[in-house]
Peer 1: 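Got a structure here, written out as structure tokens. Questions coming.
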Amino acid sequence: MEERYNPGAVEPKWQEYWNKNKLFKVSEDRLKEKYYLLEMFPYPSGKIHIGHVRNYTIGDVVVRYKRMKGFNVIHPMGWDAFGMPAENAAIDNNTHPAAWTYENINAMRVQLKKMGFSYDWDREIATCRPEYYRWEQWLFLQMLEKGMAYRKESFVNWCEKCQTVLANEQVEQDKCWRCSQVVQQKKLWQWFFKITDYAEDLLVHCDQLPGWPDKVTVMQKNWIGKSIGSELKFKIEGRDEDLTVFTTRPDTVFGATFMCLAPEHPLVETLSRGTDQEAVVDAFVQKVSSQERSADGVEKYEKEGVFIGAHCINPASGEKIPIYTANFVLMGYGTGAIMSVPAGDQRDFDFARKYDLEIRVVVQPKGERFDSSTMTEAYTGSGVMVNSGQFDELDSKEAMEVMTDWLEEKGRGKKAISYRLRDWGISRQRYWGTPIPVIHCPSCGVVPVPESQLPIRLPEDANLLAKGGSPLPALDYFSKVTCPACGREDAKRDTDTMDTFVESSWYYLRYCSPRYDKGMFDPAAVKYWAPVDQYIGGVEHAVLHLLYSRYFMRVLNTLGLIDFKEPFTRLLTQGMVCKETMTCPEHGFLFPEEAKKQDDETLACSRCGSEVEVGRVIKMSKSKKNVVDPNELLERYGADVTRLFCLFAAPPERDLEWNEDGVEGSNRFVNRVWRLAIECMDKMDIIAIEPYKGAASDLNAQPAKDLYIKANQTIQKVTDDIDKSFHFNTAISAIMELVNTMYTVDIDKADAQMKSVLLFCLENILLLLSPIIPHFCEELYEKMGNENSILEHGWPDYREDSLKTDEVLVVVQVNGKLRAKFSVSCEMDEAGIKETAMADEHVKKYLQEKPVKKIIVIRKKQTLVNIVV
RNA sequence: GCCGAAGUGGUGGAAUUGGUAGACACGCACGCUUGAGGGGCGUGUGGGGCGACCCGUGGGAGUUCAAAUCUCCCCUUCGGCACCA
């Protein structure tokens, strides 16, 4: 028999076996309980990296465990195949995004198969295939019809050189990530999904996702950003029009001494026109439009503004107050206008001081008196009302409600709720994405593409090299169309494509019936499989992908296509795999092999010799050159050791600083089990011996009893760790302990009972390890004379009556400090334990003559005596 | 600034319903095995002290017979949001 586990021979053998026998293929089966486990599908970048390996290994262990538990398990895999990297790679390598993408998919599929992941490959999908995206186009048309999708003009990040819109993530310090051109804000007509219609529902259900990590639901709540307050109407002087503001502090309305509008607010232009402020306002708006409005713009630009030449009337005090436009007011939040209460808001306070505007104290803490002329900062807390007419002396918290009611009676306000969440802009001026199925007709306007014309295929002969940006508008045969409504021949197809997050918002439903051609999915299949029971992926999608998916399920629910709203019952956010970066002052980021050891402390760049700076430990990223390619590990140790190592290194939710030092230990363990199994087979007639099945109490010798109990405890511990907490690292260490215990048994001297216990241990070790290192376990299981795959064996049970030893360790403390330990029969009562503890030589030494005040005996997980003197 | 998570040996990490701190590994040291070993086996390994013992879970207080675990304050790191009215 082989001395060592040989992954090079064993692993392909079993992968072929699983594949040939279609062991992971599933279909609906009413008689079995379903279990849908999904890992976030990868972008086909070309190679899997160690983060993927970790993610998919975690999922694969759970899936294999659930199968053994008897569930009908669906575990699909596919490709999030649209996106910008494919276009960039196509330009760089003079190829086509489709060719590049499919090549990568093929390469990555091979890698995943080599890892032994148990996917039902018959369900594989790629989002760039027309059979997939036609249903996305179909859904878009439904949403358009129901008013869930709409078009509006809005600002986007625009790179003039690349001729395209950039996502926020693609803007680095105001510059385009590809060409370093300064990014501009450009106003464009874009398609939006009305996700804000579901803001409240998405928010409320955050608290009804017990299977999700709190941090994710908290992030979603913050993202949705609900504020409760009031909408107040300020009459514009000299006009029959109101200026509406949103405020969370209606109690401070008497202190509103001026108004501020966002520079983009339509009233800025309207109200300033014809006044002597017109030129000043125009110049200011112009200037602000070139300022960066988000991210660190806050620090960069001082708060400033200009008077727009108009006034409005404070609905509470009746006073005339000036209207300003200011760079810190956001058009995208609330109404794009605020009432400024300098005494109660720091920004307003700064602004008032700068432009010498009135500061009027309206709320002050009980017993304190503020003087507006000497105040150095705003008071934002609650307190007692002043300078607020009939509301003086009222508690400011009560005043919120009372004053809103008062203003409502006067027709000047109402309670209101504002959300931070904005509608989802999905238009991308990119080529490699799903075409938006609408036509623009000079007579009819926006005309939906008739369903019969779907899919609108992405042209395959587009030349991306011609110029930056999307080639679609220039492709006449694609963009020039006849209007489906009126037949005009000069209509134009919408040449934008959808955000790739649209594809990933519903792909998990497609897996249920991936070849279905009568709709997005077969309703019966979705009814059986959906929702996803366990979803696994990186926390970087906590808001975007996970929120969009929740939104999409609500849309489908509203359209009557599904009967649930939440796509993922349980969510595991696995930690990132991180590594330090290396940078050379000359050459930027370096691969580890480009940095040579200079002396004990420092590294030098292999090209220029400059000292290499070892940077922070951060998430692996291709561009930072700190990614680890699992291929090397795979070739050296095989899939099973790689899997084992990833799981043993840390619990799944924890970030992991990559370090291969421990991999030898995993390899050692695998071979330790191998040798143990071989030794048992050599020295025992394992065909003749039956694994022990009885109770521990029926065993004669103590060592066999102890080992048997240990094995039962291990089964219990591993089951709990996999099932309840996904803590595979502790499950593995429990198995290691059992293996270590087995090594203490001398098989040559073992009696028949001990041999039968040993066989029980060995068999269960293989079963417990089989989700983790499946090839290895299949091989040994076969060697032990089994004809079926280990996959067909059920998950092992432990005996409740064989979890406890008859002796129990007693830990004795004196005044809370550990002083003695001894074992007693677990039959012994409390009095007996006390007595034995008091009689212990070691304990006596500490008691001496001191009077004993109290003795506490605990008999729970441990047996403990604490003697207080 | 706001929200959230986490701080335990030389390292990854155990122990979180308060109850033996450091399981299981890595590394290191010594020994055995072997012709040899990058293999295997064994012993040791938180710090201090010759020792009995003392000290130890980011720091400081507190609750308790008993605190890594609970409470309060502070520090550090990481993540998210960020002029949100």
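Here is how names work: the chains are called A, B, and so on, in the same order as the sequence lines, proteins then strands, and each is numbered from 1.
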Peer 1: May I ask you to check if R420(A) and W223(A) form a cation-pi contact, with NZ or CZ under 6.0 angstrom from the six-membered ring centre and within 45° of the axis?
Peer 2: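 Cation-pi check for R420(A) and W223(A): passes.
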Peer 1: So if I apply the side-chain hydrogen bond (donor to acceptor under 3.5 Å, both in side chains) rule between E737(A) and each of K717(A), Q713(A), K710(A), which one comes out positive?
Peer 2: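 So, applying the side-chain hydrogen bond (donor to acceptor under 3.5 Å, both in side chains) to E737(A) and each of K717(A), Q713(A), K710(A), only K710(A) qualifies.
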Peer 1: Under 4.0 Å from OP1 or OP2 of C65(B): is there any side-chain N or O of K854(A) that close?
Peer 2: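 Yes, because at least one side-chain N or O of K854(A) sits under 4.0 Å from OP1 or OP2 of C65(B).
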Peer 1: Can you find a side chain N or O atom of R420(A) that sits less than 4.0 Å from OP1 or OP2 on A82(B)?
Peer 2: yes
Peer 1: Which part of the nucleic acid, if any, lies within reach of G665(A) when heavy atoms closer than 4.0 Å are counted: base, sugar-phosphate only, or nothing?
Peer 2: sugar-phosphate
Peer 1: Sort me out a list of protein N/O and nucleotides 8-12 of chain B N/O pairs below 3.5 Å, or just none if empty.
Peer 2:
{"unit_1": "G12(B)", "atom_1": "O2'", "unit_2": "A649(A)", "atom_2": "O", "d": "2.5"}

Peer 1: Got a second to check how far L232(A)'s CG is from M403(A)'s CE, nearest 0.5 Å?
Peer 2: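 So the CG of L232(A) and the CE of M403(A) are separated by 9.0 Å.
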Peer 1: Charged N to carboxylate O below 4.0 Å: is that the case for K415(A) and E231(A)?
Peer 2: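 Looking at K415(A) and E231(A), the cut-off is not met.
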Peer 1: Please check if the side chain of D348(A) supplies one atom and the backbone of P342(A) the other of a donor-acceptor pair under 3.5 Å.
Peer 2: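 Judged by distance alone, no pair lies under 3.5 Å.
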Peer 1: Which is true for R422(A) with a 4.0 Å heavy-atom rule: it touches a base, it touches only sugar-phosphate, or it touches nothing?
Peer 2: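 Nothing: the residue R422(A), judged by heavy atoms under 4.0 Å, touches no strand.
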Peer 1: Side-chain N or O of Q862(A) less than 4.0 angstrom from OP1 or OP2 on U20(B)?
Peer 2: yes
Peer 1: Is K303(A) side chain donor-acceptor paired with the C83(B) base, going by distance under 3.5 Å alone?
Peer 2: yes
Peer 1: Looking at every strand, decide which applies to D214(A) at a 4.0 Å heavy-atom threshold: base, sugar-phosphate, or nothing.
Peer 2: nothing
Peer 1: According to a strict under-4.0 Å criterion, is N222(A) in side-chain N/O contact with OP1 or OP2 of C84(B)?
Peer 2: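 No, no such contact exists.
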Peer 1: Check whether any side-chain heavy atom of V363(A) lies under 4.5 Å from a side-chain heavy atom of T252(A), and answer yes or no.
Peer 2: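 In short, these two side chains touch, coming nearer than 4.5 Å.
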Peer 1: Heavy-atom count check: over 12 atoms from other residues, nucleotides or ligands less than 6.0 Å from E660(A) CD?
Peer 2: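 More than 12 within 6.0 Å, yes.
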Peer 1: Please state whether the rings of F258(A) and Y324(A) are parallel, tilted or perpendicular, taking 30° and 60° as the class boundaries.
Peer 2: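 Rings of F258(A) and Y324(A): perpendicular, as their planes differ by over 60°.
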Peer 1: Among C41(B), A85(B), C65(B), find the nucleotide with the atom closest to the side chain of V868(A).
Peer 2: C65(B)
Peer 1: Is any side-chain nitrogen or oxygen of S227(A) closer than 4.0 Å to OP1 or OP2 of A85(B)?
Peer 2: yes
Peer 1: For the P atoms, the ones on U43(B) and on C50(B), what distance do you get once it is rounded to whole angstrom?
Peer 2: 28 Å
Peer 1: Closest approach to the side chain of R668(A), judged atom by atom: which nucleotide of C81(B), U20(B), G40(B) is it?
Peer 2: G40(B)
Peer 1: Within the structure, does a side-chain N or O atom of N729(A) lie under 4.0 Å from either OP1 or OP2 of A14(B)?
Peer 2: yes
Peer 1: Hey, is the side chain of N866(A) pairing donor to acceptor with the base of C65(B) inside 3.5 Å?
Peer 2: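 Donor-acceptor pair under 3.5 Å: yes.
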Peer 1: Over all strands shown, is Q813(A) touching base, sugar-phosphate only, or nothing at heavy-atom distances under 4.0 angstrom?
Peer 2: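 Result for Q813(A) = base.
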Peer 1: Please determine whether a side-chain nitrogen of the Lys or Arg among E304(A) and K287(A) lies less than 4.0 Å from a carboxylate oxygen of the Asp or Glu.
Peer 2: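 A salt bridge links E304(A) with K287(A).
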Peer 1: Determine the Euclidean distance between corresponding C1' atoms of G12(B) and G27(B); express it in Å to zero decimal places.
Peer 2: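 It works out to 11 Å between them.
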Peer 1: In Å and rounded to the nearest 0.5 Å, what is the OG1 to CD1 distance from T57(A) to I772(A)?
Peer 2: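 Answer rounded to 0.5 Å: 10.5 Å.
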Peer 1: Where each pair must be Watson-Crick or G-U wobble with both distances under 3.5 Å, what dot-bracket representation of RNA chain B is obtained, with crossing pairs in [ ] and other-strand partners as |?
Peer 2: (((((((..(((......[....)))(((((((.....)))))))(((....)))..(((((..]....))))))))))))....
Peer 1: When rounded to the nearest Å, what value does the distance between C1' atoms of U77(B) and U64(B) take?
Peer 2: 31 Å
Peer 1: Between M339(A) (CE) and C84(B) (P), how many Å, whole number?
Peer 2: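 It is 15 Å, rounded to the nearest whole Å.
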